[in-house]
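Below: one structure, written as structure tokens.
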Amino acid sequence: MLKIHNSQTRKKEVFKPITPGKIKMYVCGMTVYDLCHLGHARVLVVFDTVTRYLRYGGYEVTYVRNITDIDDKIINRANENGEDFSALTERFIQAMHEDAAQLGVLVPDEEPRATASMPDIVDMIQTLIDKGYAYTTQGDNKAEEGRDNYQGDVYYDVSAFAGYGKLSGKKLDDLRAGERVAVDERKHDPLDFVLWKAAKPGEPSWDSPWGKGRPGWHIECSAMSTCCLGNHFDIHGGGQDLQFPHHENEIAQSEAATGETFVNLWMHNGFVRINDEKMSKSLNNFFTVREILKLYKGEEIRYFVLASQYRSPLNYSDQLLDNARTALSRLYNTLRGLEIPASVDESDSAIEKFKQAMDDDFNTPEALAVLFDLANQVNRLRDVDEKAAAKKASVLKTLANVLGLLETDAEQFLHAGARTSDNGENIETMIEARNTARENKDWTEADRIRDELDAMGVVLEDKDGKTVWRRS
RNA sequence: GAGCUGAUGGCUGAACGGUAUGGCGCUGAUCUGCAAAAUCAGAAAAUCUGGGUUCAAGUCCCGGUCAGCUCUCCA
């Protein structure tokens with residue numbers, strides 16, 4: 001029985017799809033004006049794992065992860081670089097896809113982009129105006145400087161939507177009391193937010209009934225999710241920081257526009273922290289995925305992410321990445337050299353334990369514990385009954401694959417270095433030289449070679465008269 | 001100021017109210033020429049603090065301390 005924590009009720013709830021056997025999930029992806037950092041990696045990995053597990057459970061999942069490819073930060077960055085905004089976003093979309101692939105993140109079923117969804121966005125805004133949930137500032141030409149062709153922004157009228165605050169558990173009055181932003185006089189209420197932003201000269205823009213402009217940040221997700229998944233779908237996810245105001249606003253927009261419940265269950269993953277502070281661009285304390293990939297493999301980063309429950313904060317440290325590396329090596333070492341059958345013993349008790357862990361709000365740390373228990377069993381069996389060990393190993397591999405781990409061939413993984421790029425030929429030659437020395441009982445020479453390899457980051461293991469190696 | 005989380009061994013992180021799971025690290029043994037890997041055993045070893053409920057509390061309730069987060073762009 002799958003239970004998932006719903007941020008809206010702050011409780012674990014028994015999950016029940018709208019249509020039996022099918023799940024529609026939307027996750028807020030990236031705003032593509034820069035490289036992915038570890039926080040983005042966490043969202044990618046967490047919801048990829050959720051999708052994999054739901055599919056493993058037999059659900060037919062439609063996973064949509066959007067790309068925000070137009071907003072103020074993109075425009076600013078493109079201006080700084082002196083390039084067209086679309087050249088900038090294309091570059092970072094490409095980079096994101098590469099990072100995601102390194103992390104073992106599967107391609108989502110759909111990846112809608114804001115700029116490719118303008119008709120839907122405009123339609124939804126128009127509907128909101130028609131239904132009295134939004135207003136234009138047309139004709140109000142006090143206008144900001146520089147907006148020669150200023151025709152008007154469109155704002156969402158928060159007071160018109162009775163349910164505002166239900167996701168974040170906030171009251172309108174409390175929000176107003178805590179208001180920190182300078183009051184924008186064109187808004188009827190300081191909490192009203194922009195749906196359509198009139199373009200300044202030279203800015204990228206799209207036609208609309210209210211003049212040239214671009215969508216506000218929140219409306220694109222309402223439009224794209226509804227468009228891809230329908231008015232009412234099962235799961236909406238994203239980082240914790242999106243709960244308010246982004247997701248609150250999405251609910252207000254979508255439910256006002258469609259008159260239906262927007263989403264059944266909200267999932268928010270916790271932050272990545274560094275020195276007990278949120279990793280973020282504004283604090284400038286972030287590591288990009290690329291930087292980390294210079295030192296660690298994507299799968300090691302993935303393990304590091306999955307070693308914590310997705311709602312907990314995840315502290316970054318080199319030691320934890322090292323830890324992930326060692327732990328993952330242990331699992332791969334376990335699989336190494338075994339002829340793993342394709343079929344899996346479905347009656348293995350580990351499978352039930354694994355499912356129990358994952359059914360409990362995707363408890364990946366507990367699921368990993370099940371994997372290590374399996375590894376221990378395989379290692380105990382392998383000297384006694386290699387066939388039984390291989391059979392057990394196939395359970396290990398299958399379950400690990402559900403987490404997106406152990407998908408690489410063990411030999412290949414252990415030989416691959418995050419840091420090195422030599423092809424291993426030299427290593428084989430040195431190992432042969434060492435084994436010759438060992439045959440001659442020239443331990444000094446043998447150890448000298450082993451130390452040399454060690455300095456190259458290569459660890460040797462002598463077993464059954466053969467020598468295998470792996471990267472440290 | 002308002003609100004929300006969390007606090008578990010050297011580190012990390014689990015645990016339907018029933019004396020605490022794993023991983024990493026550390027010590028010893030087995031194996032090995034020595035290692036590594038693996039297995040076995042182990043460590044003066046831990047539930048922030050003060051109350052309460054209960055036969056029984058890491059787990060539920062109240063207070064305190066500390067930390068993080070949200071209320072502003074952010075995964």
Side-chain angles (χ1 to χ4, degrees), chain A residues 7 10 27-31 33-34 36-47 68 71-73 76 165 168-171 173-182 191 217 237-246 248 268-273 276-283 286 303-304 307-309 311-315 317 319-320 322-331 333-334 336-337 353 356-357 360 363-373 375-376 378-383 414 438 441-444 446-447 450-451 454 459-463 467-470 472:
Chain A
S7 323
R10 291 195 205 90
V27 171
C28 288
M30 275 193 64
T31 301
Y33 70 103
D34 208 341
C36 290
H37 66 230
L38 201 50
H40 301 111
R42 190 176 195 192
V43 188
L44 292 171
V45 168
V46 162
F47 288 100
T68 298
D71 89 325
D72 290 357
K73 272 183 286 204
N76 292 340
S168 50
K170 293 179 189 304
K171 297 183 189 115
D173 286 343
D174 291 346
L175 284 167
R176 291 191 185 106
E179 190 63 46
R180 281 193 249 156
V181 217
L191 296 175
W217 176 40
Q240 196 122 65
D241 41 3
L242 298 186
Q243 186 169 354
F244 190 90
H246 184 55
E248 191 71 62
H268 292 99
N269 65 274
F271 298 126
V272 175
R273 287 202 230 163
D276 277 335
E277 273 188 327
K278 174 182 172 181
M279 179 182 285
S280 75
K281 301 248 174 175
S282 46
L283 288 170
F286 60 93
Y303 180 98
F304 160 73
S308 309
Q309 212 273 348
R311 286 187 287 121
S312 312
L314 176 61
N315 261 304
S317 77
Q319 194 200 343
L320 289 175
D322 286 341
N323 186 330
R325 164 171 292 166
T326 314
L328 204 50
S329 289
R330 175 173 160 82
L331 294 177
N333 258 323
T334 302
R336 192 177 208 180
K353 284 184 200 155
Q356 270 178 24
D360 183 15
N363 191 338
T364 51
E366 192 62 27
L368 287 173
V370 175
L371 299 190
F372 282 100
D373 184 48
N376 179 262
V378 173
N379 284 322
R380 272 186 301 178
L381 278 171
R382 72 188 305 153
D383 290 334
L414 293 165
R438 288 173 74 213
K441 300 206 186 300
D442 184 353
W443 308 126
T444 313
D447 291 350
R450 187 168 62 194
D451 289 346
D454 188 59
V459 179
L460 302 185
E461 293 174 26
D462 299 323
K463 50 183 158 192
T467 302
V468 295
W469 62 275
R470 63 184 165 84
S472 60

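What you see is a predicted model, and the numbers here were worked out from it, not measured in a lab. In what follows, chains carry the letters A, B, and so on, assigned in the order in which the sequence lines appear, proteins first and then strands, with residues in each chain numbered from 1. Heavy atoms only: backbone and side chains are in, while hydrogens, waters and symmetry mates are out.
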From the options [options], select the nucleotide whose nearest atom is closest to the side chain of [X].
X: S308(A); options: A14(B), G23(B), C73(B); value: A14(B)
X: A369(A); options: C71(B), U12(B), G22(B); value: G22(B)
X: N379(A); options: A14(B), C71(B), U39(B); value: U39(B)
X: N363(A); options: A37(B), A15(B), C73(B); value: A15(B)

Once you apply a heavy-atom cut-off of 4.0 Å, does [X] come out as touching a base, just sugar-phosphate, or nothing?
X: V468(A); answer: nothing
X: R42(A); answer: nothing
X: H246(A); answer: nothing
X: G270(A); answer: base
X: T334(A); answer: nothing
X: Q243(A); answer: nothing
X: G39(A); answer: base
X: R382(A); answer: nothing

State, yes or no, whether a side-chain contact exists between [X] and [Y] at a heavy-atom distance under 4.5 Å.
X: W469(A); Y: L414(A); value: no
X: P245(A); Y: K170(A); value: no
X: N76(A); Y: Y33(A); value: no

Taking [X] for the side chain and [Y] for the main chain, is one N or O donor matched with an acceptor at less than 3.5 Å?
X: E248(A); Y: G165(A); value: yes
X: R311(A); Y: Q240(A); value: no
X: R176(A); Y: L191(A); value: no
X: N379(A); Y: A375(A); value: yes

Side-chain N or O of N376(A) closer than 4.0 Å to phosphate OP1/OP2 of C40(B): yes
Ignoring backbone atoms, establish whether S312(A) has a side-chain N or O less than 4.0 Å from OP1 or OP2 of G6(B). no
Nearest 0.5 angstrom please: [X] [atom1] to [Y] [atom2], how far?
X: Y303(A); Y: L320(A); atom1: OH; atom2: CG; result: 10.5 Å
X: N333(A); Y: L328(A); atom1: CG; atom2: CG; result: 10.5 Å
X: T334(A); Y: R382(A); atom1: OG1; atom2: CZ; result: 7.0 Å

Please measure how far the [atom1] atom in [N] lies from the corresponding atom in [M], and state the result in whole Å.
N: C24(B); M: U65(B); atom1: C1'; answer: 31 Å
N: U59(B); M: A20(B); atom1: P; answer: 15 Å
N: C11(B); M: U5(B); atom1: P; answer: 27 Å
N: A36(B); M: U30(B); atom1: P; answer: 14 Å

If the plane angle is over 60° it's perpendicular, under 30° parallel, otherwise tilted; pick one for F286(A) and H37(A). tilted
Considering non-hydrogen atoms only, spot the tightest contact between R438(A) and A446(A) and give its length. CG-CB, 3.6 Å
5' to 3', nucleotides 24-35 of chain B under a 4.0 Å protein heavy-atom cut-off (B base, S sugar-phosphate only, - none) gives SS-------BBB
Is the number of heavy atoms from other residues, nucleotides or ligands under 6.0 Å of K281(A) NZ greater than 12? yes
Nearest-nucleotide comparison on RNA chain B, the residue closer to the 5′ end among S329(A) and L242(A): S329(A)
Name the pairs: protein N/O against N/O of nucleotides 65-69 of chain B, kept only if under 3.5 Å.
{"unit_1": "G68(B)", "atom_1": "O2'", "unit_2": "R273(A)", "atom_2": "NE", "d": "3.4"}
{"unit_1": "C69(B)", "atom_1": "OP1", "unit_2": "K278(A)", "atom_2": "N", "d": "3.1"}

Check RNA chain B for consecutive Watson-Crick or G-U pairs with both distances under 3.5 Å and list the runs of at least three as stems. B:1-7 with B:65-71, B:10-12 with B:22-24, B:26-30 with B:38-42, B:48-52 with B:60-64
